[in-house]
Enquirer: 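Here it is: the structure, laid out below.
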Amino acid sequence: MSKIRAAKAALPPPECEEENAETAPISARAMRRPAAHYLEALNPEQREAVETLDGPLLVLAGAGTGKTRVLTTRIAHILSLGRARPSQILAVTFTNKAAREMKHRVGELIGGVVEGMPWLGTFHAIGVKIMRRHAELVDLKPSFTVLDTDDQIRLIKQLLQAENIDEKRWPARLLAAMIDGWKNRGLRPERVPEGESFAFANGRARDLYAAYQRRLKELNAADFGDLLLENLRLFQEHQDVLEKYQQRFLFMLVDEYQDTNVAQYLWLRLLAQGNGNICCVGDDDQSIYGWRGAEVDNILRFETDFPGARIIRLERNYRSTGHILAAASGLIAHNKGRLGKTLRTDGSEGEKVTVEGCCDDEEEARVIGEDIEQLQRQGHVLGEIAILVRASFQMRAFEDRFITLGLPYRVIGGPRFYERQEIRDATAYFDVTLNPANDLKFERIINTPRRGLGEATLKSLHQLARAQSVPLFQAARLMIETEELKPRPRKSLADLIAAFDRWRGLIDTMGHTELAELILDESGYTGMWQAERSPQAQSKLENLKELIRFMEEFDTLAGFLEHVALVMDAQTEEGADRVNLMTLHSAKGLEFDTVFLPGWDEGLLPHQRSLDESGTAGLEEERRLAHVGLTRARKFAKITFAQNRRNHGMWQTALPSRFIDELPIDHVEVAEDKGLRGYGPSRFDSAENVFADGFYETPGWQRARANRPRGSSPSAPRREPLTIEGTLVAASTADGAGLAIGERIFHQKFGYGRIAQIDGNKLTVDFDKAGQKKVVDSFVERV
DNA sequence: AACTAATACTTTTTT
DNA sequence: AGTATTAGTT
C-alpha cells in the first residue's frame with residue numbers, strides 16, 4: 001500500500017500486483033495498469049488531446065470521432081499520472097445521461113467504480129452542490145428547493161395577478177421564457193437592457209424579474225437558471241470562495257462545449273483563471289441549441305477567450321461509411337460560420353444515402369414501415385434502427401403505423417419521467433410533508449384529488465398568508481380555527497392539515513418508501529387514478545409504482561427529493577429489441593446502423609419558424625440539425641419528404657427541403673418508381689399483401705402469430721409487451737382471442753372501441769375517440 | 001365547486 | 001385536428 005502511494009508520481013512497474021483492489025484509491029488502482037494500455041487504443045490526434053494536460057485546450061471533435069473516449073481517457077490519464085486526485089477534477093456535461101456514461105467509462109478504464117469523482121456531473125448538479133455550501137452568500141438557506149418549470153410558471157402567474165397584469169395579453173410563459181433567456185445570458189435584473197424590458201407589459205419586465213427573484217428568496221428556492229446565475233454571482237462577489245474552487249480544480253473538462261450559454265461560459269472562465277487547465281470538447285457543427293441560449297460563438301471564440309489555447313481537431317470518423325460521411329460533410333459545408341473540419345473514414349464506401357419522395361405523411365410512415373419489415377426479414381436488429389424527426393408531431397404517423405403492424409418501437413425523449421403530472425403531484429405531497437412552508441407544492445396538491453378546496457378557499461388562504469406573512473400551510477392552520485370558511489371546506493382543510501402532520505410525525509419511525517406509499521394512499525391520490533378508467537390512468541399508476549421503486553435507491557425521503565428535480569430522467573429500458581423513434585435533438589450523441597430521416601420538407605426541416613426568427617443563423621442551425629441526423633447513421637441512411645402534410649388540420653403542400661439539393665450528388669441515390677406502392681386507399685394496404693408472396697413470412701405476421709397464446713409453435717419467440725414512453729401499452733390477452741365482431745374492447749393507446757371487422761389476428765376497430773384503426777388482437781382487452 | 005362549452009394554441013429540450 | 005386551458009353555467 002505505502003509502496004503504491006510512494007510511487008504516485010511515477011509510472012507504476014508493469015508487474016504491479018492486484019492486491020487490495022477494493023480498498024486502494026482510484027488513482028492507485030489506475031496505476032496498476034501499464035500507461036500504454038489505454039493510450040495505445042487511441043489514434044495520434046486523440047492521444048495528443050489526452051496527453052496535452054497543461055493550459056487551455058479545445059478539442060474539435062466531429063461526429064463519431066471518439067469525443068467521449070478522449071474525455072474519459074484524459075481523466076484516467078490525469079489520475080494515472082498522479083497529477084490530480086479524483087476530487088480535484090471538474091468534469092461538466094449537459095445531461096445526466098452523459099454524466100453517467102462518463103462515470104461508467106472512466107470506471108471501466110481504471111478498473112473499478114468511480115465513487116471518488118464528486119465533481120463529475122451536469123452544470124446544474126455541480127451548481128447546486130456549490131450553492132448549498134455557500135447558500136447564505138446568495139441569500140438562501142442551505143436547504144433551498146429547486147423549482148421545476150411548473151412551479152416557476154405558477155409563481156409568475158401569481159406575480160402577474162398581484163400586479164394586475166392582463167394574463168391574456170402577457171402570458172406567464174412568455175415572461176418565464178424571457179427571464180430564462182436573461183439568466184442564460186448571465187443578466188441579473190438590473191442589467192437587463194431597457195429595450196428588452198419593453199417587450200413585456202409596457203416595460204415592466206425588468207421589475208417583474210426583480211420581483212420574481214425576491215419571491216424566490218422568500219420561498220427559499222432557486223430555479224434552474226439560478227443554479228448557474230447565482231453561482232456566478234457567488235464567484236463574482238466573493239473572491240475568496242472563487243479562489244477556493246480555483247485552487248481545488250486542478251483540471252477542468254467540459255463536454256459539448258458548443259452548447260454552453262453565456263452564464264456557463266462566464267462561470268467556466270472564472271474557474272479556469274486559476275491554473276488554466278481547461279479542456280473543452282465540442283463540435284461547432286453540432287450546435288443545435290441556439291434557441292435555448294447556447295452560443296456557438298463560445299466555441300468559435302475559444303482562442304481569444306483563452307489565450308495560448310491549443311486546438312486539436314479530431315477528423316477521423318469511426319462511425320459512418322464513406323457515402324454517408326461525404327453526404328453529411330457536403331451538406332454542412334454550406335454553412336458559413338464554422339471552424340471547419342474534414343471528416344474522413346478509413347472504412348468502406350458503403351451504400352449511398354437514399355432519398356425518396358412520398359405523397360403524404362401517411363405514405364411516408366408506410367414506406368418506412370415496410371423498409372423496416374424488410375430489414376427485419378434480413379435479420380437486422382430493430383434496436384439498431386432509428387427514425388429521427390424534426391418535430392414531435394411527426395411521430396404520430398409512425399406510432400399509428402407501427403401499432404397497426406405490431407412492430408415494437410420505443411419513443412426516446414418525450415416528457416421526462418419526473419415532469420409527468422402524477423410524479424410531480426406525488427413528489428409535491430412528499431415535499432410538503434417534509435417542508436410545510438413549500439407554498440408552491442402545497443398549492444399544487446391542495447385540491448388534488450378533489451376535496452372541495454377550490455379557488456375561493458385558496459384565495460382567502462393567500463390573503464391570510466400575506467397579511468400574517470406566513471406560509472400557506474401555516475395560514476391554513478390558522479384559518480381552520482376561525483369561522484371564515486364554510487363548514488365543509490373547513491373540515492376538509494382541517495383533515496388535510498392533520499394528515500400532513502401525522503405523516504410528518506412518521507418520518508423518523510417509518511421506512512421512507514412505506515411512508516411514501518402511505519401518503520399516496522391516505523391522501524386519496526392513488527384512489528383518484530384507480531377510480532378513473534381512462535387509457536392513461538393505468539400507466540400513471542404504473543409510474544407511481546416506478547417512483548416508489550426508484551425511491552428505494554435512496555436512504556431517506558429528503559435524500560430522494562434532493563435528487564428528484566435534477567437527476568431523475570426517463571428510464572430508457574435497454575435490452576428489448578425495438579425501433580427507436582425520437583426527435584433530431586434528442587438523437588445527438590447516439591448512433592444506429594440504420595437511420596430514417598423523414599420530413600425533409602421545406603418549412604419543416606429548415607423549420608419555417610427558425611427561418612423567420614433567426615434568418616441565416618436559423619438556417620445554419622437547421623442545417624446542423626440535418627447534419628446531426630445524417631451522422632447518426634453507421635451503415636444506412638434514408639431521407640424522405642412528403643409533398644403533402646396535414647399539419648394543424650390543414651393540408652399543406654411542401655417542397656422538398658433545400659438540404660436535399662445540397663447533398664453531393666455522387667453520394668446520393670434517388671429511390672424512384674417505388675412511388676407506386678401504397679397508392680390507393682390505405683386501409684387495403686395489408687389486404688393487398690395477402691396475395692403477394694411472402695406475406696406469411698412478413699415479420700409483422702410472424703410476430704403476431706408468435707404472440708397468439710394458442711396454436712403458435714412453442715419455439716416461436718414471445719414478444720414482450722409494447723411500451724411507449726416506458727409505460728405498458730399492450731399486454732397480450734391472457735385468455736386467447738375468440739373476439740367477435742361488435743364486441744366492446746379496450747386498447748391502451750386508443751381507449752374504448754367496438755370491433756368492426758376481424759381479419760385473422762388483425763382487428764378493425766371503431767374507437768370512440770380515435771376513429772377507425774387497425775390493431776393486432778393481442779393489443780386489446782375485452783371489457 | 002364542479003361541470004360543460006368555447007377558445008386558444010401547436011419547433012426543437014435540459015436542468 | 002386535436003388538445004389544453006379558460007370562461008360561463010349549473
Side-chain angles (χ1 to χ4, degrees), chain A residues 92-99 121-128 146-149 152-153 157 167-168 171-174 177 180 183-184 222-229 256 259-261 263-264 287-294 361 388-397 412-419 421 447 449-459 486 488-489 492 536 563-570 582-589 599 603-614 618 621-622 624-626 628-629 645-652 769-771:
Chain A
V92 277
T93 63
F94 275 84
T95 64
N96 290 308
K97 200 175 144 206
T122 63
F123 274 100
H124 293 84
I126 287 170
V128 182
V146 179
L147 294 193
D148 54 42
T149 343
Q152 224 180 95
I153 301 282
K157 269 189 183 157
E167 246 231 75
K168 279 257 188 68
R173 298 194 157 277
L174 177 62
D180 221 45
K183 288 186 174 177
N184 283 338
D223 65 16
F224 284 123
D226 280 347
L227 299 183
L228 291 165
L229 188 56
E256 306 276 17
D259 288 336
T260 49
N261 58 38
Q264 286 160 336
S287 164
I288 54 175
Y289 285 107
W291 51 274
R292 209 177 82 191
D361 49 354
L388 312 180
V389 298
R390 170 70 241 259
S392 47
F393 74 82
Q394 291 175 262
M395 290 189 190
R396 246 202 58 168
I412 294 184
R416 259 139 302 292
F417 189 69
Y418 87 97
E419 269 177 16
Q421 185 193 0
N447 202 28
R450 298 260 127 101
R451 38 173 86 86
L453 301 170
E455 256 176 87
T457 315
L458 199 57
K459 205 174 168 194
K486 296 202 177 73
R488 205 189 300 216
S492 185
Q536 297 90 21
H563 277 255
V564 77
L566 283 177
V567 180
M568 198 153 165
D569 45 12
M582 69 193 92
T583 63
L584 285 163
H585 282 89
S586 41
K588 195 170 71 157
L604 182 58
L605 187 41
H607 201 283
Q608 195 55 49
R609 195 126 158 196
S610 198
L611 299 179
D612 292 346
E613 280 172 12
S614 319
E621 182 155 317
E622 296 289 310
R624 290 193 291 267
L625 209 42
V628 165
R645 203 171 281 280
R646 203 172 29 198
N647 242 4
H648 12 273
M650 308 257 237
W651 280 97
Q652 284 182 332
K769 296 248 171 74

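Hydrogens, waters and symmetry mates play no part in the numbers below; they use all other heavy atoms, side chains included. A, B, ... follow the sequence lines: proteins, then strands. Residue 1 opens every chain. Not measured: the values here are computed from a predicted model.
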Enquirer: In whole Å, I'd like the distance from the CZ atom of Phe94(A) to the C1' atom of dT15(B).
Expert: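 Distance check: Phe94(A) CZ to dT15(B) C1' gives 11 Å.
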
Enquirer: Taking only side-chain N and O atoms of Asn447(A), does any of them lie within less than 4.0 angstrom of OP1 or OP2 on dA2(B)?
Expert: yes

Enquirer: Just compare dA1(B), dT12(B), dT15(B) and give me whichever is closest to any side-chain atom of Ala456(A).
Expert: dA1(B)

Enquirer: Side-chain N or O of Asn96(A) less than 4.0 angstrom from OP1 or OP2 on dT15(B)?
Expert: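 Answer is yes, contact under 4.0 Å.
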
Enquirer: Atom CG of Leu605(A) and atom P of dT11(B): how far apart are they, to the nearest Å?
Expert: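 Rounded to the whole Å, the gap is 16 Å.
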
Enquirer: Return the set of residues passing salt bridge (charged side-chain N to carboxylate O under 4.0 Å, His left out) with Asp148(A) (not counting sequence neighbours), or none when no residue passes.
Expert: Arg424(A), Lys441(A)

Enquirer: Whole Å only: how far is the NZ atom of Lys486(A) from the P atom of dA1(B)?
Expert: 8 Å

Enquirer: Under 4.0 Å: is that the gap between some side-chain N or O of Ser610(A) and OP1 or OP2 of dT12(B)?
Expert: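 The answer is no; no side-chain N or O of Ser610(A) sits under 4.0 Å from OP1 or OP2.
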
Enquirer: Which nucleotide, dT15(B), dT13(B), dT6(C), lies nearest any side-chain atom of Tyr289(A)?
Expert: dT13(B)

Enquirer: Rounded to whole Å, please give me the gap between CG in Asn184(A) and C1' in dT13(B).
Expert: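 From Asn184(A) CG to dT13(B) C1': 12 Å.
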
Enquirer: Would you mind telling me which of dA1(B), dT15(B), dT11(B) lies closest to the side-chain atoms of Arg609(A)?
Expert: dT11(B)

Enquirer: Could you state the atom-to-atom distance from CE of Met395(A) to P of dT12(B) in whole Å?
Expert: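 Taking atom P of dT12(B) as the reference, CE of Met395(A) is at 8 Å.
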
Enquirer: Apply salt bridge (charged side-chain N to carboxylate O under 4.0 Å, His left out) to the pair Lys588(A) and Asp259(A), showing each step before the final yes or no.
Expert: CA-CA 12 Å; Lys588(A) 195 170 71 157; Asp259(A) 288 336; 2.4 Å; yes

Enquirer: Does a side-chain heavy-atom distance below 4.5 Å link Asp361(A) with Arg396(A)?
Expert: no

Enquirer: Taking atom P of dT12(B) as reference, at what distance in whole Å does atom CG of Leu388(A) sit?
Expert: 15 Å

Enquirer: Tell me: CD of Gln421(A) to P of dA4(C), nearest whole Å?
Expert: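 Taking atom P of dA4(C) as the reference, CD of Gln421(A) is at 10 Å.
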
Enquirer: Measuring to OP1 and OP2 of dT15(B), would you say a side-chain N or O of Lys183(A) lies under 4.0 angstrom away?
Expert: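 Looking at the OP1 and OP2 atoms of dT15(B), neither is under 4.0 Å from any side-chain N or O of Lys183(A).
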
Enquirer: Between dT15(B), dC3(B), dT12(B), which one does the side chain of Arg450(A) approach most closely?
Expert: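 My answer, after comparing the listed nucleotides, is dC3(B).
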
Enquirer: Would you say His124(A) stacks on dT15(B), if stacking means ring centres under 5.5 Å apart and planes within less than 30 degrees?
Expert: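 Not stacked: fails the 5.5 Å / 30° test.
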
Enquirer: Starting at atom CG of Leu584(A), determine the distance to atom C1' of dT13(B), rounded to an integer number of angstrom.
Expert: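 Atom CG in Leu584(A) sits about 13 Å away from atom C1' in dT13(B).
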
Enquirer: On DNA chain B, nearest-nucleotide positions of Glu455(A) versus His585(A): which is more 5'?
Expert: Glu455(A)

Enquirer: Do Trp291(A) and the base of dT12(B) stack face to face, with centres under 5.5 Å apart and an angle between planes under 30°?
Expert: yes

Enquirer: Do the side chains of His124(A) and Phe94(A) get nearer than 4.5 Å, heavy atoms only?
Expert: no

Enquirer: Determine the contact category for Lys459(A): base if any of its heavy atoms lies under 4.0 Å from a base atom, sugar-phosphate if only primed atoms, P, OP1 or OP2 are that close, otherwise nothing.
Expert: nothing

Enquirer: What residues form a salt bridge (charged side-chain N to carboxylate O under 4.0 Å, His left out) with Arg609(A), not counting sequence neighbours?
Expert: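 For Arg609(A), the residues satisfying salt bridge (charged side-chain N to carboxylate O under 4.0 Å, His left out) (neighbours in sequence not counted) are Glu613(A).
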
Enquirer: Quick one: label Gln394(A) by what it contacts on the DNA or RNA (base, sugar-phosphate, nothing), any heavy atom closer than 4.0 Å.
Expert: nothing

Enquirer: Name the closest nucleotide to the Ser392(A) side chain, picking from dT13(B), dG2(C), dT12(B).
Expert: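 Output: dT12(B).
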
Enquirer: Is the shortest side-chain N/O distance from Thr457(A) to OP1 or OP2 of dA1(B) below 4.0 Å?
Expert: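 Checking Thr457(A) against dA1(B): at least one side-chain N or O falls below 4.0 Å of OP1 or OP2.
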
Enquirer: In terms of side-chain heavy atoms of Ser586(A), which of dC3(B), dT13(B), dT12(B) is nearest?
Expert: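 The closest nucleotide is dT13(B).
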
Enquirer: By nearest heavy atom, map Pro489(A) and Thr149(A) onto DNA chain B; which one lands nearer the 5' end?
Expert: Pro489(A)

Enquirer: Taking the side chain as C-beta and beyond, is there a heavy-atom pair between Glu256(A) and Thr93(A) under 4.5 Å?
Expert: no

Enquirer: Would one find a side-chain N or O of Thr583(A) under 4.0 angstrom from OP1 or OP2 of dT11(B)?
Expert: no

Enquirer: Using atom P in both nucleotides, what's the gap between dT11(B) and dA4(C) to the nearest angstrom?
Expert: 15 Å

Enquirer: Would you indicate whether the side-chain heavy atoms of Pro449(A) and Arg451(A) approach each other to under 4.5 Å?
Expert: yes

